[in-house]
Amino acid sequence: MLNGTTAEIKERSALRINPAKTCQPIGAMYAALGIHGCMPHSHGSQGCCSYHRSHLTRHYKDTVIATTSSFTEGSSVFGGMANLNQALENIFTIYKPEIVAIHTTCLSEVIGDDIPTIVKKATEEGKVPPGAYVIHANTPSFVGSHITGFSNMVTAMVKYLAEKTSETKDQINVIPGFVDPTDMRELKRLAGELNVNIVMFPDTSDVLDTPQTGVYEMYPKGGATIEQIKSTGDSIATLALGHFASHPPAIALEDKCGVPSAFLELPIGITATDEYIDALRNYGTVEVPASIVQERGRLLDVVSDMGQYLYGKRVAVFGDPDQVISMTRFLVELDMKPVYVITGSQGNHFEARVTDILKEQAPDAKIKQNADLFELHQWIKQEGVDLLMGNTYGKFIARAENIPFVRFGFPILDRMGHRVFPMVGYQGALRLIDKIIDAFFDKKDREAPEEGIELVQ
Ligand code: SF4
């Protein structure tokens, strides 16, 4: 499919071909699903909402609920106030959520709909039942990416819901970033091993990875409750995992309620997980239990056993900025050589941080924010790599160039492991090494001559 891509690069300023990102509302919709009893609402046309729901459903392999203001030509001209007003009445009457989280789309942003004013009017008209909540985030897709949208919606949770009372609670907030439900579950498990009480928000575990019971539940048991999110203003501290997705809401909570933040990177790999554990240990004033030390030790054993197959391998990595930053760090820990590192999201922090991570291992690496897969493919054409890592869209490059490919990040539309196995923590690191090694050995087995194939590698 991409066999026609050439190695010759022509400078482009505006055009992006196969951008390594998707649009803001997808991230906002995903974040909203991490509140218990929440109905995400898309203020725009039906097409946007359908696309966002189907994209999330294909990745999570579970039903993603959301409602829409169903803009028509009329709303495009006169604004979406009447549609949103009617939508709120319908949603609370028919679907009975505890909270509606509204995000905007390109169209409603261009029109300039004032969501707080519309919600105020609907509330005054009795369309929002007593005790129910409506929050909103502006998510114009002509700027930012799905990570910006995620971050904006989590910041909205803080702005609308977090409260400070006179009593500090013995709990630590964890803002997990744009990771899968199984990653959130793993982050909670690690905190549980340390016996540290955390409030994770948003939390999509037990929302988008629910067990099959034969009974459909519109609002599954998972998600951070409204009471929990309110209580984040009384927590001891906030661990914000990921510069792009989680630092802005942590700063908002610091500003609003004075809760101090620890700004961490996503705990992918050894050192980043150590930092997460260390922050929990510090703020929770606990000792690291033997179970965690052993878990880490088993990972180190695998790293030293497999090092011979990983050393010096050239890697191309693409995807969401927080995930790519931590993945690059992990690849360096494995003595691999990330030579091309890109994200589709914008933000100078990405290039600065990755440059710093690679300053000794791969000082000549090509690193780019606001980048696309077309250019990444051209770099690979110019000088090949041993491994490609990223979301499902990378498979076309991997096929064209016959490169081992490890899927991670969002979206993964053609595999299912991400639904059940985490990539964060020591367990996640083990899984990633397993996938990398398998990808190398599968290629070797496929291509070895009959007399060269080995039973034991
Ligand atoms: S980019 Fe804009 S118009 Fe397109 S799906 Fe996203 S919100 Fe809708």
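Read the numbers this way: they start at 1 and go in the same order the structure lists the ligands and their atoms.
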Handout entry: Note, D113 side chain near T104 side chain (heavy atom, < 4.5 Å)
Key = no

Practice task
Take the angle between the ring planes of H247 and H243 and call it parallel below 30°, perpendicular above 60°, tilted in between.
Solution key: perpendicular

Practice task
Determine whether the side chains of Y30 and H52 contain a donor N or O and an acceptor N or O closer than 3.5 Å.
Solution key: no

Practice task
Quick one: name the protein N/O/S atoms under 2.8 Å from atom 6 (Fe) of ligand 1, chain by chain.
Solution key: C23 SG

Problem - Between T343 and K21: side-chain donor-acceptor atoms closer than 3.5 Å - result: no

Handout entry: H36 and T225 side chains, donor-acceptor separation under 3.5 Å
Key = no

Handout entry: Residue that, paired with H146, satisfies ring pair (Phe, Tyr, Trp, His ring centres under 6.0 Å) out of F244, Y51, F410
Key = F410

Handout entry: Exercise check, heavy-atom protein proximity under 4.0 Å to atom 3 (S) of ligand 1
Key = yes

